[in-house]
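Okay, structure first, notes after.
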Amino acid sequence: MPSPIRRIAMAAALAMIATPFAASVHAQDGDWKHGSSLFGDVKYPADFAHFDYVNPDAPKGGTFRQAAIGTFDTLNPFNIKGTPAAGAALIYDSLMTNSMDEPSSEYGLIAEAMSYPPDYSSVTFRLRPQARWHDGEPITVEDVIWSLEVLKKTHPFYNAYYRNIVSAEKTGDNEVTFTFDQTGNRELPQITGQLYVLPKHYWEGTDAKGNKRDFAASTLEPPLGSGPYRIKEVKPGRSISYARVPDYWGADLAVNVGQNNFDEMRYEYFRDMTIALEAFKADQFDFRVENSAKRWATGYDFPAVRRGDVVLEEFETKNAEPMQAFVFNLRRTKFQDPRVRQAFNYAFDFEWLNANIFYDQYQRTASFFQNSELAATGLPEGRELEILEKVRDQVPPEVFTKVYENPVGGDTRQVRKNLREAAGLLKDAGWEVRNGVLVNVETGEPFTVEFLNDQPDSERVLSPYIQNLERLGIKATIRTVDTSQYRNRMDNFDFDMTTSMFAQSLSPGNEQRDFWGSAAADAPASRNVIGIKNPAVDTLIDEIIFASDRGTLVAASKALDRVLLWNHYLVPEFHTPVIRTARWNRFGLPEIQPDYGVSPSLWWWDAEKAAGVKQGS
């Protein structure tokens, strides 16, 4: 199950998939729950006052400024038209909200309680009667039903994510029941609880000019929301700010106490990360997460840091490390042979990059669930082996006989060895070098590859890689485009290779279909950017989704991890086990940091600290 942004096995899977039910299963007296966890019982009781990791007495006030890269041209983040503004979801609430100190728990937000039968064939939510839109209108069951319908209609991701919901109906004054097309999927009630609720009356109405609103279109009209913030000021492509709603209906809920403390949240836009860092030094925004080892090692030695006005802090979490990788577009014929894809891994010299560019800050990623119990280790055994036996004839034999390891470079001799191995794989796949150019033996077509990129500073990572590819006879180029072009091309799968990141929760589930499932491969804007269509992968995804217990879920995740790795769908890059952050020292932080995230929504404006900060870098 994803985190947000986020976020997330079917033993006898096919036997458990049912046709749509004729009638919903309604909640019964005594079945209502204030929260739900995929790991057993939730941590917090029904009468809890606040999460442990917040300061319930945090003062309200101040402004929190962040940076965004690129541009934006729409305030609606729920369709595929345009590039949405940073923070656009701040104005909305969902049915449930997650806890940041539990790996997979949700508690009621718009919904005060939820109920579902033992077979997970449906889920019913009871809405809080005090829930309101910013215009004072109540949030209704009709809003919830309309939200599901319009999200599935207008965005491929939501259509896939909620595809197992076959109906939503009003089953009480403040109750809505969602019926599923299958049983045994423990995650579906929580997935449904993640639904953002949107105002039906607003979107079906007209704007200030009398024009009917179109949810599927891009818009710069500030939409109506229900959340802790509303849009305050919009400067298209330059900045957007959000004002805290002083009479926010949910401010005193236990899940919100101690959060959303700033009077204003502002996002300033910059062309790229390098410019953004200079703007941070000049005190044009307050907080940044650093994604560059070079900048972290060399870019923060300036006066404000030395005098303590800027705080550098590394946070650790218990999350699985994301898989960041160079991904292939399997819709391109040249990448369909796994030997070609494996050759690209042999050409990537991580060790040289780490020593010469990354200041030895990174580790090579070797799992889709890195640094978690879900990562495949050793050879398959026990329950994992039982699961893999079901797809033995559909997966590479190495799945059962070899431990996956990335090639190791770092010195001239080892790199030459790796390139020889790559050349052999390419030859076996039907490619040979003629006059220094790698060509297809049958067609004579040269092997070319374009790396699609939207961050100019990534070119220093790509350039050494391209040099090694050229030694194999591959003509490789970098195409750096702006954020809007990049999104458009990725939504339509118009690329050869690019860098993508796949973040995993500790309780994977339905989102795996969107990452790797065959049905998502041709859906525009899906997260299956690679274009994987593999029946074995589909089977293993169902093993995860329909796992009856934690042990089976772990085993199925290991099996999927192993099969994805041995199909060489990507070239794993690297990760750092810490989150590198820099902030101007104007804020208070809770004493207890949550295990599963770093969120400024928990911070507050500290007037005393702010008064002591000297302006400028």
Side-chain angles (χ1 to χ4, degrees), residues 49-69 86-87 90-91 100 227-235 238-248 251-252 256-270 273-290 295-296 298-316 578-594 597-617:
H50 56 79
F51 291 129
D52 290 345
Y53 50 83
V54 305
N55 174 8
D57 300 317
K60 306 296 184 183
T63 296
F64 189 78
R65 303 168 300 166
Q66 300 180 73
I69 304 300
L90 281 170
I91 70 172
M100 293 177 63
Y229 289 89
R230 59 164 54 97
I231 294 174
K232 177 181 178 181
E233 182 182 42
V234 180
K235 296 180 180 179
R238 294 174 55 195
S239 68
I240 183 169
S241 65
Y242 302 86
R244 186 170 60 84
V245 177
D247 59 349
Y248 168 47
D252 295 328
N256 286 328
V257 169
Q259 302 189 57
N260 309 310
N261 300 313
F262 298 109
D263 281 347
E264 183 176 349
M265 300 279 283
R266 174 176 290 274
Y267 292 85
E268 301 286 350
Y269 273 78
F270 302 94
M273 288 292 191
T274 301
I275 295 173
L277 176 58
E278 295 306 311
F280 176 76
K281 293 178 181 179
D283 198 8
Q284 294 184 31
F285 63 96
D286 299 304
F287 171 74
R288 62 183 273 114
V289 176
E290 184 53 76
R295 284 194 296 266
W296 190 243
T298 66
Y300 290 87
D301 184 16
F302 55 95
V305 174
R306 292 193 290 270
R307 65 176 180 258
D309 287 343
V310 166
V311 178
L312 308 182
E313 187 168 3
E314 295 180 343
F315 294 92
E316 293 188 31
V578 297
I579 301 172
R580 301 168 296 209
T581 71
R583 67 181 184 273
W584 283 86
N585 194 18
R586 301 183 174 104
F587 310 105
L589 278 65
E591 293 182 7
I592 300 174
Q593 293 299 310
V598 175
S599 176
S601 68
L602 311 178
W603 303 357
W604 60 91
W605 179 263
D606 188 316
E608 184 176 347
K609 285 183 179 180
V613 171
K614 181 179 178 181
Q615 297 296 312
S617 62

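The first residue in the sequence is number 1, and the count goes up from there.
To the nearest 0.5 angstrom, Met265 atom CE is 13.0 Å from Lys232 atom NZ. In this structure, OG in Ser599 is found 10.0 Å from CD in Gln593, a value given to the nearest 0.5 Å. From His50, atom NE2 reaches atom CG of Asp252 across 13.0 Å, with rounding to the nearest 0.5 Å. A distance of 9.5 Å separates OH of Tyr269 from OG of Ser239, quoted to the nearest 0.5 Å.
Using cut-offs of 30° and 60° on the angle between ring planes, the pair Phe270 and Phe285 is tilted. Relative ring orientation between Phe287 and Phe64 is described as tilted, the plane-to-plane angle lying within the 30° to 60° band. Relative ring orientation between Phe51 and Tyr53 is described as parallel, the plane-to-plane angle staying below 30° on a 0-90° scale split at 30° and 60°.
Tyr300 places no side-chain N or O within donor-acceptor distance of the main-chain N or O of Val310, the cut-off being under 3.5 Å. Here the side chain of Trp605 pairs no donor or acceptor atom with the backbone of Asn261 at under 3.5 angstrom. Side chain of Asn55 to main chain of Gly258: no donor-acceptor pair is present (N/O by atom type, distance under 3.5 Å, no hydrogens or angles).
With a 4.5 Å cut-off on side-chain heavy atoms, Gln284 and Glu268 do not count as touching. Side-chain contact between Asp606 and Phe587: absent, with no pair of heavy atoms (C-beta onward) separated by less than 4.5 Å. Residues Trp296 and Glu314 meet the side-chain proximity criterion, which asks for heavy atoms closer than 4.5 Å. Two residues are said to be in side-chain contact when any heavy atoms from C-beta on lie closer than 4.5 Å; Glu233 and Arg266 meet this criterion. Between Tyr229 and Arg244, some side-chain heavy-atom pair lies under the 4.5 Å cut-off.
Using modelled atom types and a 3.5 Å distance limit, the side chains of Asn260 and Tyr248 yield no donor-acceptor pair.
The heavy-atom pair separating Pro594 from Gly597 by the smallest distance is CG-O, 3.4 Å. Among all heavy-atom pairs drawn from Val598 and Met100, the shortest one is N-CE, 4.1 Å. Of all heavy-atom pairs spanning Asp286 and Thr63, the tightest one is OD2-O, 3.7 Å. When all heavy atoms are compared, the tightest approach of Ile69 to Ala276 is CD1-CB, 4.0 Å. The minimum heavy-atom distance linking Gly87 with Tyr242 is given by the pair C-OH, 3.1 Å. Considering every non-hydrogen atom in both Arg583 and Glu313, the closest pair reads NH1-OE1, 2.8 Å.
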Between Arg295 and Thr274, is the side chain to side chain contact (heavy atoms under 4.5 Å, CB included) condition met? List the steps. CA-CA 9 Å; Arg295 284 194 296 266; Thr274 301; 4.1 Å; yes
Carefully, step by step, assess Arg306 and Asp301 under the rule side chain to side chain contact (heavy atoms under 4.5 Å, CB included). CA-CA 7 Å; Arg306 292 193 290 270; Asp301 184 16; 2.6 Å; yes
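No more than 12 heavy atoms of other residues, nucleotides or ligands sit less than 6.0 Å from atom CD of Glu316. More than 12 heavy atoms of other residues, nucleotides or ligands shown are found within 6.0 angstrom of NZ on Lys609.
The pair Arg65-Asp283 counts as a salt bridge, with a side-chain nitrogen and a carboxylate oxygen less than 4.0 angstrom apart. With respect to Asp309 and Arg586, no salt bridge is recorded, no charged nitrogen being found less than 4.0 Å from a carboxylate O.
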